[in-house]
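Letters A, B, ... mirror the listed sequences (proteins, then strands); counts begin at 1. The structure displayed is predicted, hence computed values, not measured ones.
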2 protein chains.
Amino acid sequence: MKYVEKLRNSGLRPTKQRLQICEVLFNTDKTFHFTINELEQKIKKQANNKISLATVYNTVHAFEKKGYLKQIPINSSETYFDTNVTDHHHFYDLKEEKLIDLENSDVGPINILKKINGKKIKSVEVLVKLED
Amino acid sequence: MKYVEKLRNSGLRPTKQRLQICEVLFNTDKTFHFTINELEQKIKKQANNKISLATVYNTVHAFEKKGYLKQIPINSSETYFDTNVTDHHHFYDLKEEKLIDLENSDVGPINILKKINGKKIKSVEVLVKLED
DNA sequence: ACACTTTTTTAGAATCATTATAAACTACAA
DNA sequence: TTGTAGTTTATAATGATTCTAAAAAAGTGT
Ligand SMILES: [Mn+2]
Ligand SMILES: [Mn+2]
Ligand SMILES: [Zn+2]
Ligand SMILES: [Zn+2]
């Protein structure tokens with residue numbers, strides 16, 4: 001398996017469930033956005049077997065902590081995750097409740113002039129809300 | 001009362017509870033960020049009487065709909081609101097779990113180059129996460 | 001003031017995403 | 001193989017938010 005090493009190098013045991021989730025999340029050219037429930041559906045369909053919801057949560061959080069996933073700051077009833085962990089921004093279509101990637105080149109450089117004493121900037125994310 | 005008109009003009013009856021919440025939210029020079037529970041505490045303290053939690057939720061959502069409050073897109077266990085309804089951005093101090101305003105001049109103009117067919121930009125918000 | 005309608009408040013219940021629990025299972029190294 | 005730490009799982013608990021339906025308050029007309 002191509003993800004065994006990746007997991008081992010992260011200090012995560014390459015379990016059947018984690019490898020399965022890796023397949024669903026990373027075995028594609030395109031990156032995408034998802035909620036836990038969408039991911040659960042995808043697993044059931046694509047892998048044709050069920051992984052406990054608790055494990056899906058655990059794994060997503062583990063991957064997030066390792067930097068393989070990003071959480072997207074948005075106010076929705078469900079939390080959105082992103083397999084695109086590069087610095088980038090988002091459109092949020094309020095009607096469709098869908099996220100769309102904005103490349104850095106679509107936004108241009110953002111220069112934060114204000115400084116807070118003793119704090120470092122960890123990320124700069126732009127959310128562009130869309131309506132009809 | 002100074003808020004009676006404001007409420008009437010919005011089609012909201014100026015009830016004791018709404019006026020009280022107006023006092024807490026708007027009777028100050030400084031704008032601020034809050035969660036529903038922080039607001040409830042503030043009411044209990046400042047007005048020395050209790051408003052039902054359901055009413056606090058109802059009122060905050062009514063004020064949001066009328067444009068007197070803004071919801072801040074952030075991933076937190078509680079939803080954050082802002083009495084500053086002008087276009088502006090935020091620092092989010094991950095350690096303290098506190099929001100700090102960024103004026104537009106602290107960020108500079110943001111030009112979204114990508115267009116989505118049939119969709120209009122409703123808002124452009126920058127969230128800058130801070131760590132130690 | 002009174003009667004009537006509509007809006008609002010309220011306590012408590014329901015919802016639902018997420019997290020905690022703790023027992024069974026598994027990876028892995030000695 | 002055996003021991004141990006890590007993982008999975010079903011299920012329960014949590015907690016923010018929303019819903020419900022009855023009581024109270026506000027507005028309107030007389
Ligand atoms: Mn997380
Ligand atoms: Mn709202
Ligand atoms: Zn993205
Ligand atoms: Zn603000």
Side-chain angles (χ1 to χ4, degrees), chain A residues 1 3-25 33-44 47 49-66 68-69 71-81 97 99, chain B residues 1 3-25 33-44 47 49-66 68-69 71-81 97 99:
Chain A
M1 290 293 210
Y3 299 111
V4 172
E5 276 310 297
K6 176 176 179 158
L7 290 171
R8 279 231 177 79
N9 292 338
S10 313
L12 298 171
R13 290 185 179 173
T15 64
K16 180 159 50 73
Q17 291 86 349
R18 282 174 179 161
L19 290 167
Q20 212 151 99
I21 292 174
C22 277
E23 290 289 335
V24 174
L25 291 179
H33 310 113
F34 65 92
T35 64
I36 296 285
N37 279 295
E38 288 168 358
L39 177 56
E40 214 198 0
Q41 295 310 309
K42 217 165 188 170
I43 292 164
K44 222 182 296 187
N49 88 334
K50 186 185 166 296
I51 295 177
S52 160
L53 183 57
T55 299
V56 179
Y57 272 99
N58 288 342
T59 303
V60 165
H61 286 138
F63 287 3
E64 185 200 10
K65 186 170 287 181
K66 296 300 179 183
Y68 302 143
L69 292 174
Q71 205 175 335
I72 300 175
I74 200 177
N75 287 118
S76 165
S77 53
E78 288 174 84
T79 304
Y80 275 87
F81 292 91
E97 296 187 308
L99 285 160
Chain B
M1 289 293 208
Y3 299 111
V4 172
E5 277 309 298
K6 177 176 178 156
L7 290 171
R8 279 232 176 77
N9 293 337
S10 313
L12 299 171
R13 290 182 179 174
T15 64
K16 182 160 48 74
Q17 291 84 350
R18 282 175 179 160
L19 290 167
Q20 213 152 95
I21 292 174
C22 277
E23 290 291 334
V24 174
L25 291 180
H33 309 112
F34 65 92
T35 65
I36 296 285
N37 279 295
E38 287 167 356
L39 177 56
E40 213 198 1
Q41 295 310 307
K42 218 165 187 169
I43 292 164
K44 221 181 296 187
N49 87 337
K50 185 185 166 299
I51 294 177
S52 159
L53 183 57
T55 299
V56 179
Y57 272 99
N58 288 342
T59 303
V60 165
H61 285 138
F63 286 4
E64 185 199 11
K65 186 171 287 181
K66 297 298 179 185
Y68 303 143
L69 292 173
Q71 206 177 335
I72 300 173
I74 199 177
N75 287 118
S76 165
S77 54
E78 289 172 85
T79 304
Y80 274 87
F81 292 91
E97 295 186 309
L99 285 160

Whole angstrom is fine here: how far is it from [atom1] in [X] over to [atom2] in [N]?
X       : N      : atom1 : atom2 : answer
B:Asn37 : D:dG15 : CG    : C1'   : 10 Å
A:Ile43 : D:dT9  : CD1   : P     : 10 Å
A:Glu78 : D:dT17 : CD    : P     : 16 Å

Next on the checklist: Rounding to 10°, can you tell me the angle the first-five-pair axis of the helix from C:dA1-D:dT30 to C:dA30-D:dT1 makes with its last-five-pair axis?
Outcome noted: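 End-to-end axis angle for the helix from C:dA1-D:dT30 to C:dA30-D:dT1: 30°, rounded to 10°.
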
Checklist entry - When we call it a touch if two heavy atoms are under 4.0 Å apart, what does A:Ser77 touch: a base, just sugar-phosphate, or nothing? => result sugar-phosphate

Checklist entry - For DNA chain D, whose closest nucleotide is more 5', that of A:Arg18 or that of B:Pro14? => result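 Checking each residue's closest nucleotide, the 5'-ward one belongs to A:Arg18.
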
Pairs under 3.5 angstrom only: tabulate donor-acceptor contacts from the side chains of residues 50-59 of chain A to other protein residues two or more places apart or in another chain.
| residue | atom | partner | partner atom | Å |
| --- | --- | --- | --- | --- |
| A:Ser52 | OG | A:Ala54 | N | 3.2 |
| A:Asn58 | ND2 | A:Ala54 | O | 3.3 |
| A:Thr59 | OG1 | A:Thr55 | O | 2.7 |

At less than 4.0 Å, is any side-chain N or O atom of [X] found next to OP1 or OP2 of [N]? Yes or no.
X       : N      : result
B:Ser52 : C:dT9  : no
A:Thr79 : C:dT18 : yes
A:Thr55 : D:dT9  : yes
B:Gln17 : D:dA25 : no
B:Lys50 : C:dA11 : yes

If you restrict it to nitrogen or oxygen atoms, what contacts under 3.5 Å exist between nucleotides 18-21 of chain D and the protein, and what is each distance?
none

Checklist entry - Taking the side chain as C-beta and beyond, is there a heavy-atom pair between B:Phe63 and B:Leu7 under 4.5 Å? => result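 SC-SC contact between B:Phe63 and B:Leu7 confirmed.
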
Next on the checklist: Just to be sure I understand the geometry, which residues of residues 6-13 of chain A put a non-hydrogen atom under 4.0 Å away from DNA chain C?
Outcome noted: A:Arg8, A:Arg13

Checklist entry - Considering residues at least two apart in sequence or located in another chain, which fulfil the salt bridge (Lys or Arg N to Asp or Glu O under 4.0 Å) criterion with B:Glu97? => result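 Applying salt bridge (Lys or Arg N to Asp or Glu O under 4.0 Å) to B:Glu97 gives none.
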
May I have the list of side-chain donor-acceptor pairs in residues 9-19 of chain A shorter than 3.5 Å, sequence neighbours left out?
| residue | atom | partner | partner atom | Å |
| --- | --- | --- | --- | --- |
| A:Asn9 | ND2 | A:Glu5 | O | 3.2 |
| A:Ser10 | OG | A:Lys6 | O | 2.7 |
| A:Ser10 | OG | A:Tyr68 | OH | 2.4 |
| A:Thr15 | OG1 | A:Arg18 | N | 3.2 |
| A:Arg18 | NH1 | A:Arg13 | O | 3.1 |

